[in-house]
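For reference, the structure discussed in these notes is given below.
First listed ligand is number 1; within each ligand, the first listed atom is number 1. No hydrogens, no waters, no symmetry mates; every other heavy atom, side chains included, goes into these values.
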Amino acid sequence: MLLADVAATSLAVAATRSRLAKRALLADVLRRAEPSDVPVVARYLAGELRQRRTGLGWRSLASLPAPADAPTLTVAEVDAAFETMAGLQGTGSSTERTRLASALFAAATADEQTLLRGLVSGELRQGALDALLLDAVAEAASVPPEAVRRAAMLTGSTETVASAALGAPDPEAARAALDAFTLTVGTPVRPMLAQSASDVAEAMASLGPDEVVVDTKLDGIRIQVHRRDDDVRVYTRSLDDLTSRVPEIVEAVRALPASTLVLDGEALVVDDAGRPVPFQDTAARTATRDADVAAVTRLTPFFFDALHVDGRDLLDAPLVDRLAALDALGATGVPRLVTADAAAAQDWFASVVAAGQEGVVVKAAQAPYEAGRRGAAWVKVKPRHTLDLVVLAVERGSGRRQGTLSNIHLGARDGHGGFVMLGKTFKGMTDETLAWQTRRFRELEVADDGWTVTVRPEQVVEIAFDGVQRSTRYPGGVALRFARVLRYRDDKPAAEADTIETVRALAAGS
Ligand SMILES: Nc1ncnc2c1ncn2[C@@H]1O[C@H](COP(=O)(O)OP(=O)(O)OP(=O)(O)O)[C@@H](O)[C@H]1O
C-alpha cells in the first residue's frame, strides 16, 4: 500500500467530526491494505510509529526538504526506513539518521510529510483514535466490535488483532480467530483506565446510587504482574517488560500463596514513614538498571485488582469479588473505603490527600474489569492545582493543527520584571481557543524563526496541572506535570501572574 493512501485517510479522519464517518474512512483503508501491510497501517492510523524511539528530534523536523510531486513511497518502505534509523548506534549515527530522514521526507508528498512529521513528533497519537480503529477493524472484517475490543485487551496489541481479523478469509473465520485470544498468564493485557471528575460527589453521581469502592490513588508506576510458579513477569502501563529492573517486585510476588496470578497495581518508593516520595524519584528508579540505586531505593508494589488467581479468570467478575480474591492472597493492597455515602467518601478523599497521596479512584463495586478501556466504571479525582502564567512563545502546530500556533511556552514571573519558563503545553485547547490564540499571538509577535514565534509576555493563561517536579531542562529548576490550558485570562495583567516563588513552594510541599 502507498503511504499516500494512509496520509489521505489520516487527513480525512482529522477533517471530520463524525465518529461514524471517521470509522468508515478507517475501515475502508484497512480493507484495501495487503495483509502484510495491516500491522503498519494500523499503527500509522493510530498516530504511532512501530519503532518506540527513532532518535529523531524536533530539530531535525524543523527544516524539511521540499515535498515530492507524486507519491511513490510504500508503507513497507517507510517502516523499514524508520527501523534502520532506530537501529543506528555509535559515532556518526546522528548524521546518518538525519541523512536518512531527509531522504525519506524528500520522497514524500506534502500530505505524506504532514503524516510523517505527526508520527515522529507524537502529535498525532491519540488514545481515542485507538478505540475508533478497533471499531473500524470490526467494520472492515464484518465482526461485532465487542469481539475485536476483547481480543485487543487480551493481546494488548491493536496490530495483532487487526492482522488476525483482516487476515481471515471470511467473517466466520475472523470471529474464530478473535475468539481464540484468551487471558494467558504471561501475556500482558491492556490495563483498565479511569475517567476523571472534579470532585468525589461528581464521581459518585456518575456511577449511580450503589456502593462504590474509593481506592487511594498512588502516584507511582502502573504494574501488571504475571506469575506462573516461580516465573514472574512485571509489565508497565504500556506493556513493556520491566522484570529485570525490579527484582524486589518479583520477590514480593513469589512470596504470595498462589501458583498462577495476574495482578494489577502501582509500584512506588515510600519513605521510612510510609509516605510516597515525589513521583520522579519513583520514575528514576524504574528507568535505571544501576544496581546501587536499586539497592537503596526499593520499590514497594501495592495491588488494587486481581485478574486471575490459581486458574480462575476474574476479568468478568464484579470488582468486589476480585478484591476478595486479592485480599485472600494477603498481598499489600491499596487503602480503600467501600461506601454509598458521598460525605464519608469526601472525608476519606481529604484524609488520603492529607497523607500525601495523589487522590482517589472511585470504582463501581459491581463492574467487571474493562481491560484497555477508559471505561465509565473507574473515575479518578485529584485536588486540582491551577496557576496563572504568561505565554512567552508559541510553536507552529502540525498534523491536524497545521496552520495554527499551537504549543505555548509558559512562564512565571521572576519578581524582577522578567519571566522564567516552566514548560510547554498544547493540551486543553478547543478549536476555538486555537483559532483565537493563533490570531492573538501574531499580534504579540516579536520574532519568528520559522518554527517558534516569540511574543511580548503579556497574555495570561490559566493552567491546570497535576504537580510540580524538579527539572534540569528549564531555567527555574522546576517544571509542571501535565500542564493544560483551562482558559485565557484577559482580566489579569501579566504583572499579576503567579511567580516562580509560588511554583517552588508547591514543589517543596508536594
Ligand atoms: N487504586 C488505584 N486504582 C486504579 N488506578 C490507580 C490506583 N492508584 C494509582 N493508580 C494509577 O492511576 C491511573 C488511573 O488513571 P488513568 O487511567 O487516567 O491513567 P493515566 O492516564 O496514567 O493517569 P494519571 O496520570 O492520572 O495516573 C492508573 O493508570 C494507575 O497507574
Less than 3.5 Å apart, any donor N or O on the side chain of D130 or T158 sitting next to an acceptor on the other?
yes

So the salt bridge (charged side-chain N to carboxylate O under 4.0 Å, His left out) pairs with at least one residue in residues 337-356 (sequence neighbours excluded) are none

May I ask you to decide whether D219 forms a salt bridge with R481, counting only side-chain N to carboxylate O separations under 4.0 Å?
yes

Once ring pair (Phe, Tyr, Trp, His ring centres under 6.0 Å) is applied, what residue pairs with a partner in residues 231-278 remain, sequence neighbours excluded?
H226-Y235

State whether a side-chain donor-acceptor pair under 3.5 Å links T260 with R228.
no

Residues forming a side-chain hydrogen bond (donor to acceptor under 3.5 Å, both in side chains) with R17, sequence neighbours excluded:
D431

Using a threshold of 4.0 angstrom between heavy atoms of the protein and any atom of ligand 1, which residues qualify?
L193, A194, D215, T216, K217, L218, R222, R237, E266, F304, V334, V361, K363, R374, W378, K380, K382, F482

